[in-house]
Amino acid sequence: MKHCLDELAVFGGPVAFSQPIHVGRPNIGNRQRFLERMQDLLDRRWLSNDGPLVQEFEHRIAEQLQVKHCVAMVNGTVALQIAIRATGMSGEILVPSFTFIATVHALQWQGIVPVFCDIDPATHTLDVSRLESRITQATQGIIGVHLWGRACDVVGIETVAKKFNLPVIYDAAHAFGCTTGGKKIGGFGQAEVLSFHATKFINSFEGGAIVTNDDSVAQRSREMRNFGFAGYDNVTELGTNGKMNEACAAMGLTSLESFDEFVAVNRRNYKHYVEKLNSIPEISVITYDEREHNNFQYVVLEVSDNLPLSRDDLVQLLFAENVLARKYFYPGCHRMEPYKTSIPDASRYLSETETVCRRVLSVPTGTATSLDDIEQICQLLTFCIQHADAIGKRLRDHAAR
Ligand SMILES: Cc1ncc(COP(=O)(O)O)c(C=O)c1O
């Protein structure tokens with residue numbers, strides 16, 4: 001607990017946390033079950049190439065998401081690249097700039113031109129009312145992103161897609177276990193893409209998957225992840241190596257078994273942040289629709305522009321205290337290379353993206369974050385905001401020296 005400005009670490013005071021507190025420290029799950037699976041897979045000597053654990057992982061995911069096919073991949077980025085190819089996307093694709101860079105790189109990596117679309121500031125997902133204005137003769141598809149696990153306007157996007165006969169893929173890297181309109185995310189569009197990266201709430205160390213109800217997209221994805229092989233010695237098209245290995249599937253399966261616990265902890269953490277921060281008008285915690293299933297994987301704050309301390313100042317103050325809060329997804333993909341150079345006027349269409357990028361702050365959660373940690377982080381934030389004028393002045397004085 002800080003009592004005066006001198007006690008802030010940024011001004012030379014003691015650091016609040018002796019160890020860094022990360023936004024997404026991995027959830028581990030049942031260590032014993034994981035080690036048993038590792039023993040089994042070593043005994044079997046089947047380490048990769050569509051092994052039994054990968055098949056079981058795929059089966060469990062498809063069952064849980066009520067989708068016909070799940071094709072497990074080495075990571076979410078390669079899964080996106082393969083989904084883009086397997087659905088026949090080319091030319092120009094509409095995509096939000098407010099997403100993790102992998103969504104856009106996956107397009108560019110295969111020579112597709114991303115066309116950035118703005119977001120609805122209330123949901124942080126594609127603003128469907130502005131989608132049509134970005135469509136041209138060259139537009140060949142749409143990628144929506146269920147950011148923070150909150151679904152895009154899938155109905156609105158499908159309506160636009162139907163009108164212009166465009167395929168749709170959803171980047172569902174954040175949305176495992178979430179619903180929209182009561183329906184599980186996973187079955188929308190031509191395909192949806194999941195990530196099981198270590199920092200995701202269900203993890204397989206590294207991993208991802210394409211989920212789809214389309215038989216041909218599933219078949220092509222399976223072949224493309226395995227160099228284009230359609231059977232022994234028979235390569236039928238361009239492929240890559242996107243295979244998930246058995247050790248990753250062992251972790252993924254173990255992680256899935258703790259799904260309910262992870263969601264419960266994330267939810268508890270989220271509620272605690274809301275309770276502690278809701279009396280601060282300059283900070284709002286993004287909301288989750290209680291009528292839906294949410295995984296509460298992210299706790300995202302929006303810092304008001306009316307505060308004498310900027311979001312960046314708060315990051316500086318928190319980092320000094322060993323709270324590694326993140327500016328996800330600042331500054332927006334359109335301000336990162338190669339897009340900054342190739343599409344220099346993108347910000348003309350992205351006013352809401354620019355505003356949200358300036359305001360968001362993702363704070364630590366997950367099973368490695370205790371209620372006590374959250375209590376302290378909220379006390380720090382409250383203290384900084386109560387003394388925003390004085391802290392802001394002192395930060396500027398320090399910077400000017
Ligand atoms: C929105 C989004 N899309 C795609 C990815 C890429 O997934 P991966 O890290 O598994 O390649 C991530 C995160 O890592 C992400 O947050």
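Note that ligands are numbered from 1 as they come in the structure, with each ligand's atoms numbered from 1 the same way.
Taking the six-membered ring for Trp and thresholds of 30 and 60 degrees, F259 and F176 have ring planes more than 60 degrees apart, a perpendicular arrangement.
Taking R268 as the reference, nothing meets the salt bridge (Lys or Arg N to Asp or Glu O under 4.0 Å) condition, with sequence neighbours excluded. In terms of the ring pair (Phe, Tyr, Trp, His ring centres under 6.0 Å) criterion, F17 has no residue partners (sequence neighbours excluded). With sequence neighbours excluded, the residues that form a ring pair (Phe, Tyr, Trp, His ring centres under 6.0 Å) with F383 are H387.
Residues T77 and Q81 have side chains that never bring a donor and an acceptor to within less than 3.5 angstrom of each other.
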List of N/O pairs, ligand 1 versus protein, all under 3.5 Å?
residue, atom, partner, partner atom, Å
ligand 1, 3 (N), D171, OD1, 3.3
ligand 1, 3 (N), D171, OD2, 2.6
ligand 1, 7 (O), S195, OG, 3.4
ligand 1, 10 (O), G76, N, 2.8
ligand 1, 10 (O), S195, OG, 2.7
ligand 1, 11 (O), G76, N, 3.3
ligand 1, 11 (O), T77, N, 2.9
ligand 1, 11 (O), T77, OG1, 2.6
ligand 1, 14 (O), K200, NZ, 3.0
ligand 1, 16 (O), H174, NE2, 2.8

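The residue from I283, N278, I374 that alone fulfils the side chain to side chain contact (heavy atoms under 4.5 Å, CB included) condition with Y273 is I374.
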